[in-house]
A.B. asks: 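Got a structure for you, written out below as structure tokens; questions coming shortly.
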Amino acid sequence: MTHVIMKPDLPNNNLAGLFWAFLGVGLFGFIYITGRLSGGDISAGQLIWFRYVGALITIVLWIMIFPSERRKVRSRQVPVHGLRAIAGGGGGMAAIYAASHMSVTSATAIGLLDGLFVIIFGVVLLGERFSARQWAAAALCLLGAAVVVFTSGAATVQIKDMLPASVALLGAILVATESILIKKLARSEASISVLFYVSLFGTILFSIPAVASWKPLDPVATGLLLLLGPIALAGQLCNIFAFRQSDAALIGPIRYTWIIWGALFGWLFFGEVPLAVSWGGMLFIFCGGCYLAFSRNR
């Protein structure tokens, strides 16, 4: 972190915006696989709570080291920060529930719709313009994501999966809603304000599921989990930069690149090698993302 990240306004540039969005997806993608890295011994609620607590501790330390940053925490949009935390936290819990009660790949396929909802919300709620070619590029990203997900085994959703599937769909809507709120806050609030309030509200909100599924940890494990906070802060900063540089409708499709990051993490940490057809799907995502990156630079 440096002082320059606290400036509330940056010039619009799609290429820079999509780069930050891509990097943010990778950072959060790493956080999402920590449950598997831990061997499944730590609950999702506890992991997420440690993420928010670690982030809050980091921000408080930052303010203590640089007292001049304290005034930037003040906000006239505290309710919006609260809504963002609820939307993001609710979306995360919905995704966890869905993945726990139906095929993980099926839940993922539904969760990918959040990118589409971001585009729709950006156009309808924020009045952003999206050309026919950009819609086509976004559709290519979605097609690539679908190729990767469905070739991994998520072909159908069964009747018994209707409830978790509905929850997964709600989660996608909530995550997209959070993105729109980040867009609103990123244009008017200092970065440290955006990060502080979501960490504070997240710590409070997720304390309940964390306590309900709490597992005692040794000091080393506790320290490692708290490090998720700074990683999440870096990911959130990337998202803030992205939404300052580009429209939400352009950022939405880049969320599908988490599949590319997932393939990389799967290869690095778990020895998983994607199928040849999966590489084709990733190529679709890359091509669609490249067009969006170079379109309508301002």
Side-chain angles (χ1 to χ4, degrees), residues 24 27-64 73 75 78-102 104 107-108 110-111 114 163-179 181-182 185 192-237 239 269:
L27 289 169
F28 277 106
F30 176 77
I31 291 175
Y32 295 152
I33 69 166
T34 53
R36 185 172 176 184
L37 286 173
S38 69
D41 295 331
I42 306 174
S43 71
Q46 192 171 358
L47 283 169
I48 294 175
W49 184 78
F50 269 109
R51 164 200 153 182
Y52 281 117
V53 171
L56 186 59
I57 292 174
T58 302
I59 295 172
V60 171
L61 289 175
W62 174 266
I63 295 173
M64 291 175 63
V73 174
S75 173
V78 174
V80 180
H81 289 288
L83 287 175
R84 180 213 162 179
I86 292 172
M93 293 303 296
I96 293 170
Y97 173 85
S100 300
H101 293 81
M102 65 185 298
V104 173
T108 299
I110 298 171
D114 77 308
L163 176 58
S166 299
V167 173
L169 180 61
L170 174 62
I173 295 174
L174 288 172
V175 170
T177 301
E178 182 195 22
S179 297
L181 293 173
I182 291 176
L185 292 168
I192 195 169
S193 176
V194 178
L195 299 176
F196 172 77
Y197 285 105
V198 73
S199 299
L200 176 62
F201 285 121
T203 298
I204 296 171
L205 287 172
F206 281 96
S207 63
I208 297 175
V211 171
S213 58
W214 190 265
K215 178 180 179 180
L217 302 171
D218 60 60
V220 174
T222 299
L224 290 175
L225 290 179
L226 287 175
L227 287 178
L228 293 177
I231 295 174
L233 286 179
Q236 290 182 71
L237 281 172
N239 289 335
F269 298 113

A.B. asks: Any side-chain heavy atom of His81 within less than 4.5 Å of one from Leu185?
C.D. replies: yes

A.B. asks: I need the minimum non-hydrogen distance between Ser207 and Ile204, along with the two atoms involved.
C.D. replies: OG-O, 2.7 Å

A.B. asks: Show me the pairs that pass salt bridge (charged side-chain N to carboxylate O under 4.0 Å, His left out) and involve residues 79-92, at least two apart or across chains.
C.D. replies: Arg84-Glu178

A.B. asks: Considering non-hydrogen atoms only, spot the tightest contact between Pro230 and Thr58 and give its length.
C.D. replies: CG-OG1, 3.5 Å

A.B. asks: Is the count of non-hydrogen atoms from other residues, nucleotides or ligands lying under 6.0 Å from Leu227 atom CG greater than 12?
C.D. replies: yes

A.B. asks: Indicate the atoms forming the closest heavy-atom contact of Leu181 with Leu83, along with that distance.
C.D. replies: CD1-C, 3.8 Å

A.B. asks: Assess the residue pair Phe201 and Ile86 against the criterion (side chain to side chain contact (heavy atoms under 4.5 Å, CB included)); give the C-alpha distance rounded to whole Å, side-chain angles, the decisive distance to 0.1 Å, and a yes or no.
C.D. replies: CA-CA 8 Å; Phe201 285 121; Ile86 292 172; over 6 Å; no

A.B. asks: Could you measure the distance from the CG atom of Leu200 to the CG atom of Leu205? Nearest 0.5 Å is fine.
C.D. replies: 9.5 Å

A.B. asks: Hey, could you give me the CD1/CG distance between Ile57 and Leu61, rounded to the nearest 0.5 Å?
C.D. replies: 7.5 Å

A.B. asks: Are side-chain heavy atoms of Arg51 and Leu47 found at a separation under 4.5 Å?
C.D. replies: no

A.B. asks: Working to the nearest 0.5 angstrom, can you tell me the gap between Phe28 CZ and Leu228 CG?
C.D. replies: 11.0 Å

A.B. asks: Any heavy-atom pair between the side chains of Ile63 and Ile192 that's under 4.5 Å?
C.D. replies: yes

A.B. asks: My understanding is that only residues two or more places apart in sequence, or in another chain, count here; which of them pass ring-ring contact (aromatic ring centres under 6.0 Å, His included) with Phe206?
C.D. replies: Tyr52

A.B. asks: Between Leu217 and Phe50, what is the shortest heavy-atom contact and its length?
C.D. replies: CD1-CE1, 3.8 Å

A.B. asks: Quick check: closest heavy atoms across Asn239 and Gly24, and the distance to 0.1 Å?
C.D. replies: OD1-CA, 4.3 Å

A.B. asks: For the residue pair Tyr197 and Val73, what are the closest heavy atoms and their distance?
C.D. replies: CE1-O, 3.0 Å

A.B. asks: If I take atom CG from residue Leu233 and atom CH2 from residue Trp62, how far apart are they, to the nearest 0.5 angstrom?
C.D. replies: 11.0 Å

A.B. asks: In Å, rounded to the nearest 0.5 Å, how long is the span from CG of Leu225 to CD1 of Ile48?
C.D. replies: 12.0 Å

A.B. asks: Between Ser75 and Val80, is there a side-chain heavy-atom distance shorter than 4.5 Å?
C.D. replies: no

A.B. asks: Within the 4.5 Å heavy-atom criterion, are Phe196 and Leu56 side-chain neighbours or not?
C.D. replies: yes

